[in-house]
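Presented below is the structure to which this report refers.
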Amino acid sequence: MKFGGTSIGDGARMKHVALLAKEYREKGNEIVLVTSALSGVTDALLKNAKDASETGKTSSVKEFIADLTKQHHQAAHDAINKSNIVEKVTGEIDSRIEELEKALIGICYLGELTVRSIDYISSYGERLAAPILCGSLNSIGVKSHTFTGGEAGIITTDEYGNARPLEKTYFLVKERMEPLLQDGIPVVTGFIGENEAGIITTLGRGGSDFSASIIGAAISADEIWLWKEVNGILTTDPKIVPEARTIPFISYIEAMELSYFGAKVLHPKAIEPAIKHGIPVRVKNTFDPDFPGTIVVKDLKQSRDIVKAVTVIKNVALINISGAGMVGTIGVAARVFTTLANAGVNIIMISQGSSEANISLVVDENHLDKAVRGIKAEFKNGIIKEVTHDRKICVVAVVGAGMANTPGVAGRVFGALGKAAVNVIMISQGSSQHNISFVVSEDGAKKAVQVLHREFGLEKEK
Ligand code: ADP
Ligand code: ASP
Ligand code: MG
């Protein structure tokens, strides 16, 4: 069971989570708890690390450290009702925060923030939350110890900020976690692992979903449960369309496509370990535990609803590469993609028309500069005339396995957008036919999602 940031947002919520876990344990389940950071803490850590490297102001670091200490002490007091345990936990918090402070002050003096230090700093959110949750469990009579991802056995690649578990992880986690399950509920920090040299890595933003899935797969869990503050996976982000509904059943593939195409509810890699080991994933609401939520499973008969969900990816940018010289010239695309791969650019969408006079790409916004620089350098005296870009765009996608071999879906998508006067900038549909994605201006994205949600009747009870 993984609990997200909002689910453990403060001490009272952590106590609720501890009681919930205890209740499920008493019903005969063996549980590993994976915890996120308290909501907002990871963002705050990242912001303060960046500020420290840019401004070098140690006074700001001290202020931040004082706030963070206060927040976590308060949570410990509210989550734990035994003073000796509160004392032990706040002691642990203090010594961790002291290490964090030293690291941030170091960054102030160095004026430098490496990918490795970003992972180190951002790991503190989970590392401060875990002792509180563990203390809360202890205080209601449940045996529990905390583990960092690395201590639990999650050993990863060196790809800081986006690390992947090495194969031995599955063996190590099993060896370390299984013996503890009969006796109590181990608490593992989500989001973080360590590389083979023992240095902390992170699995990417929202990575505690991935941690839970890795651990669930390793111990051959019956199910992997991701507890959030929403009623499961919904037909779209309820922040954009309040009428969005819970999708009760969804296939692994659909859930993956949804998360690739921006549904923040799941980390994009969270489904992989579950698929490999055939373990169902449940997404449930911490604040309404009796509501069944969503279950993600392997096989699903093609359902009546062709489109299951609409998603939007923000913080992306469009690159247009054009030049008449590209027509009929073999190897242009290969050079573009090799250049971008070498520059470490993540490509989200690709399109090339058959006129071959231009290639359009969507990339992560923070990769835009290096992407454009790389392409210009590669083609400095040749066939590419112009490289333009646009930051003010979003990718919208409609997702559903039922779309495969169903004629007319694209017609409905673009017809509805046309009627609503939403301008479509670029279109892509993979041959898996499980999604249609397209680019619109940032201003048009919300409307596009709302229009399509209505067009496919997703707000209606099924
Ligand atoms: P946690 O921190 O518990 O993992 P997240 O904040 O990462 O939770 O994910 C839940 C959020 O995802 C919701 O608050 C919701 O706004 C957003 N979201 C986006 N798309 C969807 C969707 N299709 N279904 C449910 N939630 C979604
Ligand atoms: N705390 C991490 C983040 O905010 C991981 C997570 O919440 O899943 O990205
Ligand atoms: Mg998340």
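Both ligands and their constituent atoms are indexed starting at 1 by order of listing.
The protein residues lying under 4.0 angstrom from ligand 1, judged by non-hydrogen atoms, are Lys2, Gly4, Gly5, Asp209, Trp227, Lys228, Glu229, Val230, Gly232, Ile233, Leu234, Thr236, Asp237, Pro238, Lys239, Ala263, Lys264, Val265.
Under the 4.0 Å criterion applied to side-chain N and carboxylate O atoms, Asp67 and Lys62 are not assigned as salt-bridge partners. By the 4.0 Å N-to-carboxylate-O rule, Lys228 lies close enough to Asp209 to be salt-bridged with it. Salt-bridge annotation for Asp364 and Lys370: absent, with no side-chain N of the basic residue lying under 4.0 Å from a carboxylate O of the acidic one. Taking the charged nitrogens against the carboxylate oxygens, Glu167 and Lys276 do have a contact shorter than 4.0 Å, which makes a salt bridge.
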Are any protein N/O atoms closer than 3.5 Å to the N/O atoms of ligand 2? If there are, list each pair with names and the distance to one decimal place.
from     : atom 1 : to     : atom 2 : distance (Å)
ligand 2 : 1 (N)  : Thr42  : OG1    : 2.8
ligand 2 : 1 (N)  : Glu126 : OE2    : 2.7
ligand 2 : 4 (O)  : Thr42  : OG1    : 3.3
ligand 2 : 4 (O)  : Arg205 : NH2    : 2.9
ligand 2 : 8 (O)  : Gly206 : O      : 3.4
ligand 2 : 8 (O)  : Gly207 : N      : 3.4
ligand 2 : 8 (O)  : Ser208 : N      : 3.0
ligand 2 : 8 (O)  : Ser208 : OG     : 2.5
ligand 2 : 9 (O)  : Arg205 : NE     : 2.7
ligand 2 : 9 (O)  : Arg205 : NH2    : 3.4
ligand 2 : 9 (O)  : Gly206 : N      : 2.8

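When the ring-ring contact (aromatic ring centres under 6.0 Å, His included) test is applied to Phe414, the partners found at least two apart in sequence or on another chain are Phe438.
Below 30°, between 30° and 60°, or above 60°: for Tyr24 and Trp225 the angle between ring planes is above 60°, a perpendicular geometry.
Donor-acceptor pairing under 3.5 Å is lacking for the side chains of Ser259 and His267.
Counting only residues at least two apart or in different chains, side chain to side chain donor-acceptor pair (under 3.5 Å) contacts with residues 238-248 are absent.
Between Ser441 and Lys392, every side-chain heavy-atom pair lies at or beyond the 4.5 Å cut-off.
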